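Computed from a predicted structure; not experimentally measured. Naming: A, B, ... by sequence-line order, numbering from 1 per chain. Every heavy atom of this structure was used, including side-chain atoms; hydrogens, water molecules and symmetry mates were not.
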Amino acid sequence: MSEQKRDRFDPSIEAKWREFWAKEGIFNAGRRPNAPHRYILEMFPYPSGDLHIGHLKNYVIGDVLTRFYVSRGYDVMHPFGWDAFGLPAENAAIKRGINPADWTNANIQESKNSLNIAGIMYDWSTELATCKPDYYKWTQWLFQLLYTRGLAYRAKSLVNWDPVDQTVLANEQVDSEGRSWRSGAKVEKRELEQWYFKITAYAERLLQDLDKLTDWPEQVKTMQRNWIGKSEGAEVTFTCDAGDLVVFTTRPDTLWGATFMVLAPEHPYVAQLTAANKKAEVDAYIAKAKLTKEIDRTSTAREKSGVFLGSYATNPVNGAQIPIWIADYVLMGYGTGAIMAVPAHDERDFAFARQFGLDIVVVVQPDGQQLNGQTMTEAWPGEGSMVNSDPLNGIPAGKGDGQSVKAAIKWLESHGKGKGTITYRLRDWLISRQRYWGAPIPMLHLEDGSIVPDPRLPIELPQVEDYLPKGKSPLAAATNWVNTVDPVSGKPAKRDTDTMDTFVDSSWYFLRFADAQNADEIFAKEKINRWMPVHQYIGGIEHAILHLLYSRFITKVLYDEGLVPNDEPFDALFTQGMVQRRVRTAVVHSSAGIEFPEELRRKIELPAGVVGVDAARTALKQHGYTLEGDAIQGFEAVSGPVTMSKSAGNGIPVGPFVRQYGSDVARIVVLFAAPPENSMEWTDEGVAGAQRFLNRIMALFMTERDAVAAHVPGSVTTATIADHERDLWRALHIAIRKISQDTDAFRFNTAIAAMMELLNEVQRYRSEHAVGAAYYEVAHTFTRLLSPFAPHLAEELYAAFGGNGSVYDAGWPAWDEAALLVSEIEVVVQVNSKVRGRIMVPAAADAAQIEEWARNSPRIRELIGDATIRKVIIVPGKLVNFVV
RNA sequence: GCCGGAGUGGCGGAAUGGCAGACGCGAUGGUCUCAAAAACCAUUGAGGGCAACUUCAUGUGGGUUCGACUCCCACCUCCGGCACCA
């Protein structure tokens with residue numbers, strides 16, 4: 001390459017600015033104690049070592065906002081920490097014999113270094129790691145607080161067991177296919193005694209308060225609503241030989257149509273209610289149900305199965321004797337594990353009744369129809385009038401006031417047969433884990449079986465020889481640690497050997513940042529009151545339920561204790577999209593057709609077997625995949641977007657990229673390619689485009705650096721600007737407005753587009769004029785507009801143009817409304833709403849004048865001819881529309 | 001099945017009642033160069049026309065309006081969540 005001297009963006013400038021920001025503490029909280037404050041937080045990560053570009057997007061968004069707010073004069077807290085407990089450290093310890101703490105610390109250093117060289121600035125003075133005793137001391141304190149308030153309890157029940165990670169899991173941590181969120185293994189069910197947090201006590205508030213979160217994505221709120229799963233109805237008490245049999249139903253009004261009952265196979269009454277001659281059949285069914293559950297009980301279209309127990313229950317409303325069955329479509333974990341079956345008005349009950357020939361009694365008659373239990377072909381869950389239901393007959397069926405459901409509940413309550421009630425799908429949060437690398441549960445088990453809190457916090461993790469999970473916690477092997485004395489009673493005691501779910505660690509970390517160094521209390525009141533709630537939280541949608549639901553719960557508990565000022569932790573939530581990168585997959589093309597790899601075919605549901613070329617192309621395109629090559633030559637590959645990750649092997653490590661191209665380039669690529677909430681595809685072309693953008697800035701401004709530096713910013717105004725510079729001046733103020741508004745609204749892609757437009761205007765100006773005052777003002781202002789997006793270059797330009805200190809102390813530019821005005825504006829002239837011309841009019845012209853000019857423009861006159869103008873619509877400053 | 005989100009050029013996307021496609025990518029032509037790269041200039045939704053110009057076009061079909069990507073109704077497709085939840 002010939003050494004032509006050209007101003008280009010040079011990544012080697014970046015390091016000195018990072019040192020400068022850190023040394024000056026530009027992004028430290030408390031730097032402007034009297035200014036309005038902002039708490040900006042990204043979800044803290046597990047320290048996985050070297051970061052790739054995909055990890056970066058989350059942090060870049062937080063960094064842009066931080067810089068934007070600092071520029072605008074706020075006192076910003078932008079802290080960072082590490083969700084450092086968890087299995088990878090333990091697995092490394094098992095595989096390589098490294099101490100999990102050492103391994104974690106090394107990873108933290110590496111991850112931190114990646115963030116630093118990427119130019120993501122945090123206030124590291126409040127850095128925390130959940131695996132450090134000075135942090136988990138307070139996680140344990142929190143556990144004991146919940147215990148004291150009756151919100152942490154121990155119970156035996158059927159729990160999710162991850163056979164790969166060898167530990168139990170909470171419901172939230174198992175997906176709808178029954179797989180562990182971490183290992184991906186199908187979970188098994190085991191009956192175990194474990195610790196729970198009573199999140200169900202807060203179900204109603206967790207649901208109701210979603211309405212307060214107006215700055216949360218609708219999608220996240222919907223997911224939480226679904227997860228909490230509120231359902232209103234009634235509990236009705238049936239009687240049987242084993243005692244009272246309580247069922248939950250959302251349709252107590254159809255109770256008169258209940259013709260049988262179904263219990264979950266695990267229901268405690270089953271043994272008692274099983275007739276002697278049915279025992280063998282029932283036992284076989286229960287055994288089969290157990291197996292089915294473990295393998296796959298999610299398929300909804302399965303044929304109904306069940307067994308009659310041989311005994312009967314009494315319907316409390318009419319004394320009818322109805323048969324009791326067991327069936328696996330009734331779940332022990334929801335409601336009471338028993339249902340009344342109303343086949344006429346419930347799809348599932350209908351299918352069951354038809355299959356086993358059970359009675360069907362209609363109690364809701366739709367208008368204009370005569371349903372008959374013998375002949376109906378499907379259940380009628382809809383509206384109508386109540387029939388065959390003595391006290392309710394004639395009442396319209398429905399959940400509203402004056403309708404059947406409310407009437408039925410009233411009747412049940414007044415007759416002592418049941419009561420209105422609410423059921424939630426949400427289960428209590430199982431927090432015990434049979435693993436080593438977590439916060440020990442700070443409880444003591446005494447010899448008499450009682451369990452008491454251990455006040456000697458923190459209960460530190462002991463050293464162990466063997467981290468291998470064996471179905472019980474590795475801590476159990478540390479006998480010196482396990483065997484202790486209860487300091488309160490002086491009695492011998494054993495420590496709890498389980499550790500806490502790492503989601504407990506992360507459910508309160510955002511609170512600790514307010515006062516991370518406090519050794520005496522979880523945080524000081526005046527500090528938490530200053531900083532909470534988090535103004536802007538940023539993270540991935542994958543935590544829509546898990547972390548975000550747990551954090552809301554813990555915050556509400558602490559709010560009820562009077563420890564935090566707000567009962568919701570995160571004012572605004574932003575969920576960023578993933579970074580993807582195209583991955584090529586080889587395909588085979590023969591005369592018979594195209595053969596795709598099985599994995600790809602499954603993933604995007606390509607039809608099995610040979611696929612036609614066009615069909616394949618269309619099917620692939622719908623999922624963002626492209627068939628490469630052409631039909632004549634045969635296809636070499638399919639390429640498609642895949643989320644950047646270590647496991648997919650398509651992650652671009654931060655270090656080498658930043659050294660070669662600069663972190664400013666990486667930031668522009670990520671921010672410009674798509675709106676931040678969308679997933680974006682990282683491409684070489686995108687990198688080239690970002691480089692071009694930064695190079696153009698250099699070329700357009702750095703060439704004149706001395707003249708720009710000699711110009712005093714603000715020395716020209718809208719009133720004094722030269723006529724030939726008005727267009728550029730106006731473009732500048734349009735850009736200031738757009739970039740300010742867009743950045744505030746997370747529209748970083750259009751904010752960057754506005755900078756590009758301004759550059760285009762500068763280029764046009766420079767091709768026509770010698771540079772002058774407006775140009776110098778643009779150069780000075782541009783450094784500040786650029787500072788949230790390409791911070792290193794912004795500082796470099798700011799310094800080159802004679803700025804003192806940091807660009808972030810120079811203030812955010814304001815636009816001048818007067819500069820946006822123009823003397824002449826273009827008005828679109830329409831005839832019958834079709835654009836037929838445009839005229840230039842003085843900006844101050846009134847509507848009548850504009851109409852006159854429009855009507856008299858030659859082309860419009862010609863089009864209208866002698867037709868009658870029926871209506872004229874004038875939108876000031878925009879258009880005139882003649883309707884003929 | 002229920003709930004939520006989304007469908008716009010070759011691609012990412014812009015426009016939230018008023019000129020559809022800002023900005024960028026890609027592509028084509030040009031300038032510079034021995035040549036290439038870089039950079040710069042021009043063109044770039046589809047069709048028709050020598051041209052002025054014109055027709056069509058924002059998933060589909062209706063509606064409201066002088067005017068609809070935008071609002072309303074119905075439907076289709078995709079993405080996400082929940083789901084034999086009583």
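- One donor-acceptor pair, N or O on each side, does fall under 3.5 Å between the base of B:rC66 and the side chain of A:N881.
- The side chain of A:R747 places no N or O atom within less than 4.0 Å of a non-bridging phosphate oxygen (OP1 or OP2) of B:rU16.
- Of the side-chain N and O atoms in A:N678, none sit less than 4.0 angstrom from OP1 or OP2 of B:rG5.
- Using a 4.0 Å heavy-atom distance criterion, A:Q763 is classed as a sugar-phosphate-only contact.
- For the P atoms, the distance linking B:rC56 with B:rA20 amounts to 12 Å, nearest Å.
- Taking only side-chain nitrogens and oxygens, A:R225 never comes nearer than 4.0 Å to OP1 or OP2 of B:rC2.
- A salt bridge links A:D211 with A:R225: at least one charged nitrogen is closer than 4.0 Å to a carboxylate oxygen.
- Between A:E768 and A:R764 there is no salt bridge, since no side-chain nitrogen of the basic residue lies less than 4.0 Å from a carboxylate oxygen of the acidic one.
- Side-chain to base pairing of A:R838 with B:rC19: one donor and one acceptor N or O lie within less than 3.5 Å of each other.
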Take A:R179 and A:D175 through the salt bridge (charged side-chain N to carboxylate O under 4.0 Å, His left out) test and state the conclusion after the steps. CA-CA 5 Å; A:R179 293 179 188 278; A:D175 71 13; 5.4 Å; no

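- Of the candidates B:rC19, B:rC56, B:rC84, B:rC56 carries the atom nearest the A:K834 side chain, counting heavy atoms from C-beta on.
- Counting only heavy atoms from C-beta on, A:Y329 has its side chain closest to B:rC84 among B:rC84, B:rA14, B:rA22.
- Applying the 4.0 Å criterion to OP1 and OP2 of B:rG80, one finds that A:T222 has every side-chain N and O outside that range.
- With hydrogens and angles ignored, a donor-acceptor pair closer than 3.5 Å exists between the side chain of A:K304 and the base of B:rC84.
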